[in-house]
S.K.: 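Have a look at the structure that comes next, please.
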Amino acid sequence: MENITPSNFIEQEIVSDIKEKGLKTIVTRFPPEPNGYTHIGHAKAICIDFMTAKKFKGYTNLRMDDTNPSKESMHYVKALMNDIKWLGFKWKHMYYASDYYEFIYDCAIDLIKQGKAFVCDLSADEISATRGTLTEPGKESPYRNRSIEENLKLFEDMRAGKFADGTRTLRAKIDMAHPNINMRDPVIYRIQHVRHFRQGDKWCIYPMYDFAHPLSDAHEGITHSLCSLEFEDHRPLYNWVIDNCRLIKGVKPRQIEFARLNIDGTVLSKRYFISIVNKGYVDGWDDPRMPTLAGFRRKGYTANSIKEFCKRIGVSKSNSLVQPHILEACIREELNQNATRVVAVVDPIKVNITNYDSAKAEKIKISNNPTVKNSKSHTMMFTNELYIEREDFMIEPTPKFFRLVPNGYVRLMGAYVIKCDEVVKDENGNIDHLNCSIVYDAKEQGIKPKGTIHWLSRKYSERVRTRKYGNLLKEGEVYEEEILDKIINPESMIEKVSYVEPSALKQKSNMQFVRMGYYIEDKKLSKKGDRIYIETVSLKDSK
RNA sequence: UGGGCUGUAGCCAAGCGGUAAGGCACCAGACUUUGACUCUGGCAUGCGCAAGUUCGAAUCUUGCCAGCCCAGCCA
């Protein structure tokens, strides 16, 4: 642990803590509230928690921060565990804050005995009204100076269920004039006659985050409690709890905050997710347009690409807005190495080869990835009726277009150079098909087409559906619940009838549709006979 | 306007008193039967601004400016 070079400010702090406090083992925790699905923002926190501990040869606990029974459920616990495992992280212990309710209760009793906590009869509105403002101090509660005995009795009665929701709270007695509002006698316990998904009806009082969190950390022996910047103002309270609860033994945990992830054009709020799922704008929490891990997974992103992204964006305290192309670069880099190459014509037009025997079929070799050593190749059948990509042909080409044009030449990948002899249109004036001829002696004639395009034999290809997903919200729009229906991008999913070579149907993992992008079968909706492929990410396009 | 925090390239981000790492993006070129990949080169005389300390400042001091967070019995 002596020779570890810190690579961000958190690791620097840990290095100095090791020196100053003589820490032997670094312990972190990932503490999600089980009330929603893991999203890419969580992934950043997960990576920081797990990778930091790992770097110092310590470990990380997974702790469900289940202190608000009205919103939480086992369903989310399982989803969270699944996502963390998928990312490839292993927690040492799995805990629930609710495991500590008894301990937390004892700490509250101890605070009362020290005269550092009191039962307050003020309503939520009254507490709010007496809290003061950003610039004015608050007013002390009239119940602030109850006797220790009375507080003890009342708090026991709270636990015993003698009071209705909202009628009483337990508050820490700190300082109503404190410039930090979190220190103005914060509520640390509230009454909620709600069934807890693990504790059942055992409790009707529940500790607040600010009380439960430091105690849970301390109880587990967490040395570094890493969280996002919005909790900076809570750190004095975190430390107050740690310093004043005498039941805490051992090394005191230290809270360090980092900037949470913001991705340009991506809304990362639970409220938004719930809204678009409930209103049916997306196909559930795993819709490929969702920035949830389930969504990314379905879209074909790998755990490695997500982790690599988290590595690349770094850890700091500055408010940042990360460009989504960083993530795209991560997944492209990985898929370029690993994805099997397959030929697919995403948006086809028909091509007839007029000088090729209609009864003939020959094998053509296509290499998997010419730039990677030992890359396997496979064969495709060539016949006189083909599909090519609609965008690989232009009647009136733009200046630097070097694929197929009328009377122009192009190379069919792995096969022949062809010439476009005739554009045949239907009654509506749309292109029906192209009549082309193979130029068998292209080399001899000195014809060297600049472009190489992919193709598929109409006879030896399978019809499928391909889907490309874009941003759910229109370009430049900022999410607002009230105008959601107006800012939804109607083209956030574009489906096309496409053709793939038959071998593609067997491919369950990521593929590159050569020259088009990386695709994966949609495991949720694709069926035998009706295959659906989702574009993970396009190829970098400098056309 | 109280408190807390942050400002280094288009976007992230190192740097911790010795003369601006790296990644993504972008530009130019080479290679290419994927306009991809790969390779080569380019991309901050300047670190929010202004003074000061110093032989020397992105780093220290002071003063400004800008942005973010906080007034749940949510986490």
S.K.: Identify the residue among A:His234, A:Gln255, A:Arg29 that makes a side-chain hydrogen bond (donor to acceptor under 3.5 Å, both in side chains) with A:His213.
M.R.: A:Arg29
S.K.: What's A:Asp65 touching, base or sugar-phosphate or nothing? Going by heavy atoms closer than 4.0 Å.
M.R.: sugar-phosphate
S.K.: Base, sugar-phosphate, or nothing for A:Ser70, non-hydrogen atoms under 4.0 angstrom?
M.R.: nothing
S.K.: Is A:Leu122 touching bases, backbone alone, or none of the nucleic acid, heavy atoms closer than 4.0 Å?
M.R.: base
S.K.: Taking NZ, NE, NH1 and NH2 as the nitrogens, is one of them in A:Lys116 or A:Asp243 under 4.0 Å from a carboxylate oxygen of the other?
M.R.: no
S.K.: Should A:Asp165 and A:Arg190 count as an ion pair when the cut-off is N to O under 4.0 Å?
M.R.: no
S.K.: Who does B:G67 pair with, Watson-Crick or G-U, both distances under 3.5 Å?
M.R.: B:C5
S.K.: Going by an N to O cut-off under 4.0 Å, is there a salt bridge joining A:Glu140 and A:Arg171?
M.R.: no
S.K.: Please determine, for the side chain of A:Thr133, which listed nucleotide (B:C73, B:C70, B:A71) has the closest atom?
M.R.: B:A71
S.K.: Of all the nucleotides listed (B:A75, B:U1, B:G3), which has the minimum atom distance to the side chain of A:Phe231?
M.R.: B:A75
S.K.: Between A:His234 (NE2) and B:A75 (C1'), how many Å, whole number?
M.R.: 9 Å
S.K.: For the residue pair A:Tyr206 and A:His196, categorise the inter-ring angle as parallel (less than 30°), tilted (30 to 60°) or perpendicular (more than 60°).
M.R.: parallel
S.K.: Report, as a single string ordered 5' to 3', how protein heavy atoms within less than 4.0 Å touch nucleotides 8-17 of chain B: B base, S sugar-phosphate only, - not at all.
M.R.: ---SSSSSB-
S.K.: In whole Å, what is the span from the CE atom of A:Met158 to the C1' atom of B:C73?
M.R.: 9 Å
S.K.: Is it true that A:Glu13 and A:Arg254 make a salt bridge, defined as a side-chain N closer than 4.0 Å to a carboxylate O?
M.R.: yes
S.K.: At 4.0 Å (heavy atoms only), tell me whether A:His178 reaches a base, stays on the sugar-phosphate, or touches nothing.
M.R.: nothing
S.K.: Grab the CG-C1' distance between A:Leu237 and B:A71 for me, whole Å please.
M.R.: 15 Å
S.K.: Please work out whether the ring planes of A:Tyr105 and A:Phe155 are parallel, tilted or perpendicular, with thresholds of 30° and 60°.
M.R.: parallel
S.K.: Could you run down nucleotides 26-37 of chain B 5' to 3' and tag each one B, S or - for protein heavy-atom contact under 4.0 Å?
M.R.: -------BBBBB
S.K.: Nearest whole Å is fine: how far is B:A75 C1' from A:Arg235 CZ?
M.R.: 18 Å
S.K.: According to the Watson-Crick and G-U wobble definitions, with both distances under 3.5 Å, which nucleotide is paired to B:C24?
M.R.: B:G10
S.K.: Provide, to the nearest angstrom, the distance between the CD atom belonging to A:Glu230 and the P atom belonging to B:U6.
M.R.: 15 Å
S.K.: Select base, sugar-phosphate, or nothing to describe what A:Ala329 touches, counting heavy atoms under 4.0 Å on all strands.
M.R.: sugar-phosphate
S.K.: Now, which nucleotide makes the Watson-Crick or G-U wobble pair with B:U45, with each of the two distances under 3.5 Å?
M.R.: none
S.K.: May I ask you to decide whether A:Arg198 forms a salt bridge with A:Glu72, counting only side-chain N to carboxylate O separations under 4.0 Å?
M.R.: no
